Amino acid sequence: MFTKLLIANRGEIACRVAATARRMGIRTVAVYSEADAGAKHVAVCDEAILIGPAAARDSYLRGQKIIEVAKATGAQAIHPGYGFLSENAEFADAVHAAGLVFVGPPAASMRAMGSKSAAKQLMESANVPLVPGYHGDEQDPAFLREQADRIGYPVLLKASAGGGGKGMRVVERSEDFEGALASCKREAISSFGDDKVLVEKYLIRPRHIEIQVFADSLGNCVYLHERDCSVQRRHQKVLEEAPAPGMPPERRAAMGEAAVNAARAVGYVGAGTVEFIANQDGSFYFMEMNTRLQVEHPVTEMITGTDLVEWQLRVAFGEALPKQQHELGIHGHAIEARVYAENPEKGFLPSIGTLRHMDVPRAVAFELGSDGANPAAVRVDSGVREGDAISPFYDPMIAKLIVWGVDRTQALARMSQALSEFRIVGLATNIAFLKRLVEGEAFATADLDTGLIERHGATLFPPATPAPLGALALAVFALRGDAANAANDPDPWSQANGWRMNGDYRRVLSWSDEFGAYRVGLTYRRAGLEIDLDGQAQRVERVGHTGDDLALRLGETAVQGVVRRDGDVFHVFTGGGHFTLTYNDPMAHAGEVETLGGRLTAPMPGKVVAVLVQAGATVVKGEPLVIMEAMKMEHTIAAPGDGVVEDVLYEVGDQVADGAPLLAFKAA
Ligand code: MV4
C-alpha cells in the first residue's frame, strides 16, 4: 500500500480523504492556497505545501505544481477529491507520466464520458437504456424536426457539450421546433463552442437516481446500489438519500447491471457514478457518468457499511475490490443534507463571514449494521471549524450532515433533530431551509421529483415571522446568564426568580429585529417572574437546562432552546427556528450618569425600584448598581468605572429628587 498520499483538494473532501488515509496508516500531504493557510485540511494532514494564491486557477487547478509537490514530498499517489482536477484527463495522464498513481479512473474513461452524445452512442452499444431520441451527427434542422415529430412532444433539446442543465430547451409543439433549435444552437456555440444538439423525449416530473459503481484493475465491477438525488435547486443537489424510496429490488438489480455495463463499456477502474433519469413509473434512462467520487458518497457508505475512499486507495494500489456483489447488502436508510453558507431568503446568495459559533449535532450512538458494520447514526463531514471564515474564493459549503436510520422514517426524524442541533452564528446558512424541506409533506412522503423545491416554494420560503414570546423569554434568561450559573450566583441581579429586597417591581427590556422593537416587560413578584409583550403576560420560570439548552415554562407551555450571544446580538434557536434579536442595552447610555466627586446622583426625580449592590461591594465599569423609574422609563445607574461602593444612600421604594446622591463610590 502507499506510504504517502497527496490530497489535491481542500475543504470537507480533503479532510475526509485524510481521515481514511490516517486510519490506513498512510501519511498525507496537503496542498493549500494562501487563502487556506489556516484551513482545517492543512491541520489534519501530516505535511502541507503552499501552492499559490487564493484563486483556484492559480492554486488547486495547477496540475504541474501539484505533481511537483508530490514528487518533492515523496508521495506515491495523488487523490483529486471531487471538482477541481478530479475529471481532468490531461492531469490524470500527467500524473501517470510522472510515475505517480492517480487515484481515479483511466484518462481514457474520462474522455469517453466527457461528451454527452459520444457517451450516449457508447451506452447504446452497451445495452444501457437511453431516453428515446436522436443524438447523432446529422444536425439539419428539418431532419431534427422530423426526429422530434417521430419522438412525440414535448421534446427536450440539449447541447451535446452542455451540462448541469445549461443549454436545454423544452419544445411543446412541432411548429415551435426550428425556432427553439436555432436558439439552443446559439447558446451552445457561445457557452460551449460546440453547437451540436441532441433531441430527446421530455420526461415530466423525473427523478434523478444514480448508481454507485466500483471497478478494480483485475476485471471486477460491482454496483453499490442507488442514491436518489432528485431534491435539487438549479441543478445543485440539496438532499440525497439511499436507498431510493419505492425502489423494487428487481429494478435496483436492472439499474445496477446497466450501470456496471456502462462502466465496463469504457474500461472503467475506480469509483464512478452512473446517473439515470427516471419516470414516476420507474422506467429509467442513462443521463451521464461521473468519473469521480461524488459529494454524496457517504449515504452509500452508511447503508453498505463501506469506506469508499479506502476502496479507492486499495484499487489504485492494484488490489481487488474488498467485496463482491453478493456481499453488498443494504442496511437501513441514509439521508445527506448539504449545509451551505448561503441565504435562501436572498436567492441563496453566498453568505461570506466567520463561523463565530458552530454547534454540530452530537453523533448518536452507533447502530449495528447488517454485516456488523457500525454506521454512525449521525455524521458530519466538514472542512471548517468554529472560528473559521468561509472563503469567498471557493464553494461555500460548511458541512455535509449525514444521518442513518433503520428505515426512512427514523432517518427523517434523525435528520430533523440533527438540523435543530446544527447552530451557526456569524453568517447566514440554509439550515432552516433544509429543515423545512425535510419536514415538508413532499419529502416526508417521498413524493420526489426534480421540481420539488420549485413547486413547494411557498412553504419552503415562508415570510419571516416576528419573534414569539418564547424566543424573547429565552433571550431574557440568557441575558441574565441563567443558563450558566444562576444556581450558585449570590448576585440578586442574576436570580431568575427576580425576587428583590422588597416589593414587586417591573422593568422593561428592549430587543429588536427586522420587525422592529420588542419591549419586554418583566414584573418581579414574590411568586416569581411574569413576562409581558404587547399586553400579553405570562408567568415564566426556568425549569432547568441540559447542556446549552435552556428549558422554560411559559404559562402552561414548555419552551426549549439555545441562545448564542454575539455581543448585543442574541441568536435564539428554538422550535426549529433561528431568531436574531439585538438587545438594546440601557447600559449603552451609562455615560449619561452624572458623577460628582465619586457620588452618583439621580439624573432626574423618580423612585428607586431596585438596589443591586450593598455597601462595600467591589464593582466593575458598567455594572448595574441602582435602578430608578422616572417618566415611565427605567434608568439604570451604573458604575462609572472599576471601584468600591462605599455606601448606598436609598432603598427600594424611596422617592429621590433630581441630582440626589444615590451612592458613595470610590474609583479603583
Ligand atoms: C432531462 C429532463 C427531462 N427529460 N432529460 C438536467 C441536467 C442534466 N442532468 C439532465 N437534466 C434533465 N434532463 C429529459 N429527456 C430533466 C432534466 C432535469 C434534471 C435532471 C436531473 C436532476 C435535476 C434536473 C433538474 C432539471 C431538469
Side-chain angles (χ1 to χ4, degrees), residues 82-83 87 113-121 123-124 128-136 144 147-172 177 180-181 184 187-188 191-192 196-211 226-242 244-245 255 259 262 272-292 294-296 299 336 338 348 437 442-443 446-457 460:
Y82 49 68
E87 296 189 287
M113 285 298 181
S115 148
K116 277 191 172 332
S117 53
K120 287 187 193 275
Q121 281 159 18
M123 291 304 104
E124 208 155 28
V128 177
L130 295 181
V131 178
Y134 175 79
H135 41 260
L144 290 177
Q147 299 304 311
D149 294 348
R150 168 181 61 82
I151 294 162
Y153 294 89
V155 298
L156 185 67
L157 288 173
K158 282 183 183 176
S160 175
K166 282 204 288 290
M168 295 192 339
R169 289 279 185 300
V170 181
V171 185
E172 303 285 354
F177 186 84
L181 176 65
C184 188
E187 180 180 345
S191 303
F192 316 112
K196 186 176 177 196
V197 166
L198 50 93
V199 189
E200 289 182 350
K201 180 70 183 161
Y202 181 59
L203 274 65
I204 312 291
R205 289 199 61 191
R207 284 172 70 177
H208 170 127
I209 295 176
E210 59 188 36
I211 301 286
E226 77 282 2
R227 297 185 285 259
D228 190 314
C229 307
S230 302
V231 182
Q232 302 193 12
R233 181 182 172 278
R234 296 189 183 173
H235 306 290
Q236 285 293 320
K237 294 165 182 168
V238 175
L239 293 174
E240 304 105 336
E241 62 182 302
M255 294 185 80
T273 296
V274 181
E275 291 188 350
F276 293 98
I277 187 166
N279 278 308
Q280 293 293 329
D281 68 6
S283 51
F284 61 90
Y285 309 97
F286 174 81
M287 215 164 16
E288 58 190 88
M289 181 173 189
N290 297 316
T291 57
R292 67 181 188 279
Q294 305 234 173
V295 170
E296 59 270 23
V299 295
E336 176 183 85
R338 299 186 185 200
F348 288 87
L437 251 182
F443 191 75
D447 176 17
L448 303 176
D449 72 276
T450 58
L452 186 150
I453 290 179
E454 238 168 283
R455 198 168 48 254
H456 294 278
L460 292 173

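Fair warning: this is a prediction, and the values are worked out from it, not measured in the lab. Ligands are counted one by one from 1 in listed order, and the atoms in each one are counted from 1 as well.
Comment: K237 engages E275 in a salt bridge, judged by a side-chain N to carboxylate O separation of less than 4.0 angstrom.
Scanning for side-chain hydrogen bond (donor to acceptor under 3.5 Å, both in side chains) contacts around E226 gives R252, with sequence neighbours left out. Residues forming a side-chain hydrogen bond (donor to acceptor under 3.5 Å, both in side chains) with Q147 (at least two apart in sequence, or on another chain): R150. Scanning for side-chain hydrogen bond (donor to acceptor under 3.5 Å, both in side chains) contacts around R455 gives D449, with sequence neighbours left out.
By the neighbour-count criterion of 12 heavy atoms within 6.0 Å, atom CD of Q121 is densely surrounded, having more than that number from other residues, nucleotides or ligands.
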Review point. Given the rule in the side-chain hydrogen bond (donor to acceptor under 3.5 Å, both in side chains) test, do Q232 and T450 qualify, once you have shown the distances and angles that lead to the verdict?
Key: CA-CA 6 Å; Q232 302 193 12; T450 58; over 6 Å; no
Are there any protein N or O atoms under 3.5 Å from the N or O atoms of ligand 1? List them with distances, or say none.
from, atom 1, to, atom 2, distance (Å)
ligand 1, 4 (N), L203, N, 2.9
ligand 1, 5 (N), K158, NZ, 3.3
ligand 1, 13 (N), K158, NZ, 3.2
ligand 1, 15 (N), E200, OE1, 2.9
ligand 1, 15 (N), K201, O, 2.8

